[in-house]
Amino acid sequence: MQLYNTLTKKKQNFTPLNTAGATLYTCGPTVYNYAHIGNLRTYIFEDLLVRVLRTEFPVKHVMNITDVGHLTSDADSGEDKMELGAARDGKSAWDIAKFYEKKFFEDFDSLNCTRPTIVSRATENIKEMIALVKTLEEKGYTYKTSDGIYYDTSEFPSYSNLAGAAHISGLKSGARVEFNDEKKNPSDFALWKFSPKNQKRQMEWDSPWGVGFPGWHIECSAMAMKYLGPTIDIHCGGVDHIAVHHTNEIAQSEAATGKQYVRYWVHGEFLVLHAGKMSKSAGTFLTLDALKQQGYSPLDYRYLCLTAHYRTQLEFTFESLDYARTSLRGLSDRVKNLQDNAVDKAVLAALKENFLTALRDDLNAPKALALVWETLKENISDGTKKELIKFADTIFALDMFKTEEVQIPPEVQKLLDARAAARKNKDFKKSDELRDEIAALGYIVRDTPQGQKLEVK
Ligand code: AMP
Ligand code: ZN
């Protein structure tokens, strides 16, 4: 499989370091608010990656839950998003972490994202984070300021490798990260923050340096290395993480272990709104629930995401979501009407090969999706088409073969019974009138060899 590696800026052949399988770490949600559909695009891309990797290797996938320490500013100033969320919702930080984590997994599951092998909460790994900071201190990479223990990036010469030197000079001019008087270098970052004097935080722990809480970057390094070892095959996240979060993860992990931290950095581009950036903190975000309330299914959104390559920005519009919904319904309808006749094994093998070749080429989902549509038009047996699409759906996970269980209201059932009787009597005029009446109530009737089937319009 070929993957674009942000570190080398090239598409590279991927093989796991260890013959036992691939190791993958994906940055998980900060559970202070609902996930927005931009965040969910990233989880869908990561799920696609997991599913394609698993066609070749076993995958151990670790995802964290950031339930402490992610501050409102990348400069390690500002407030902890968790404590802010707690104040906003009038609950404790612990309660909102539990609440939004549960909600996150509801979204995750409804999008058919595969649950990671291990989900790891930051608050349950404080000991490991402290140990990592201690190692960095012993190796001379840290210094103390009035508000925490900081990492001295000037001690790590390859600091700008992932993001590029231009980013670091951006930092120097203060363009991206606010200036902090006590930092030795603008790009230095907090490993451990002290609780403010005379104030008890809801989430705080003892440490060799004083009561406080971990920095967001050390959380991911500690949890990734705890479960996956010092060198991880693939690490993912959105492109926003390249310049600060992942750059800092590399600096602290490699300084501590002396080994390469991640072999392949794979980043997903953003989902954007016409108006600009979708952001939780700015309050300009759409949730999956909001889409559901407008009658879309989570898988309509998954389909939309699959129509764009993960490394291109995707502009969200309701028109494109409508198009995705119509396409998915069209695909499912066609698939359900395919006959179970003979499968041409040689043709099927060639089709599967093409399909996988597209996906193994840096996850070219739009091309793989187009191949599925083309297969439907080909002059081959229905049975062959059906087997190919069944296989495709183990990766797309669009539930193309699932028939929705429709709860039929009694008034609709009455009309359906009357229509069945009309059809039995070959009164097709009456049957059509009843179909229109049923449509007016929001349902579509389909006549199948097994009888009438009802779908929500
Ligand atoms: P957060 O919960 O803010 O830590 O973000 C969770 C994931 O969503 C991270 O991998 C981010 O890089 C990613 N992300 C944030 N905003 C967007 C967006 N608009 N489009 C795609 N991914 C995003
Ligand atoms: Zn992370």
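Count residues from 1 along the sequence. Order of appearance sets the numbers: ligands from 1, and atoms from 1 within every ligand.
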In this structure, does ligand 1 have an atom that sits under 4.0 Å from one of the heavy atoms of His36? yes
Lys/Arg cation over aromatic Tyr34: Lys103, 6.0 Å, 45° cone: no
What residue among Tyr32, Trp216, Phe213 forms side chain to side chain contact (heavy atoms under 4.5 Å, CB included) with Asp80? Phe213
Passing option when Tyr301 is tested against Leu306, Leu286, Leu271 for side chain to side chain contact (heavy atoms under 4.5 Å, CB included): Leu271
Is there a polar contact, in the sense of an N or O pair closer than 3.5 Å, between Asp240 and ligand 1? yes
Flag, side chain of Gln252 to backbone of His217, donor-acceptor distance under 3.5 Å: yes
Quick one, Tyr25 and Cys236 - any side-chain contact, counting heavy atoms below 4.5 Å? no
Atoms in ligand 1 flagged as close to Gly237, the criterion being non-hydrogen separation under 4.0 Å: 10 (O)
Within a distance under 4.0 Å of any heavy atom of Tyr43, pick out the atoms of ligand 1 and give their elements. 6 (C), 7 (C)
So, is His217 placed with an N/O/S atom under 2.8 Å from the Zn ion (ligand 2), counting both backbone and side chain? no
Flag His246 as yes if one of its N/O/S atoms falls below 2.8 Å of the Zn ion (ligand 2), otherwise no. no
Please examine the side chains of Val52 and Leu363, heavy atoms only from C-beta on, and report whether any two atoms are closer than 4.5 Å. yes
For Cys27, is at least one N or O under 3.5 Å away from an N or O on ligand 1? no
From His241, does some N, O or S atom reach closer than 2.8 Å to the Zn ion (ligand 2)? no
Within a distance under 4.0 Å of any heavy atom of Thr42, pick out the atoms of ligand 1 and give their elements. 10 (O), 13 (C), 21 (C), 22 (N), 23 (C)
For Tyr310, the option from Thr42, Asn364, Val266, Leu49 that meets side chain to side chain contact (heavy atoms under 4.5 Å, CB included): Val266
For atom 10 (O) of ligand 1, which candidate among Gly28, Pro29, Gly238 holds the nearest heavy atom? Gly238
Using a 4.0 Å cut-off to any heavy atom of Leu271, which atoms of ligand 1 qualify? 18 (C), 19 (N), 20 (N), 21 (C)
Examine the proximity of ligand 1 to Asn39 and report which part, side chain or backbone, both or neither, has a heavy atom under 4.0 Å away. both
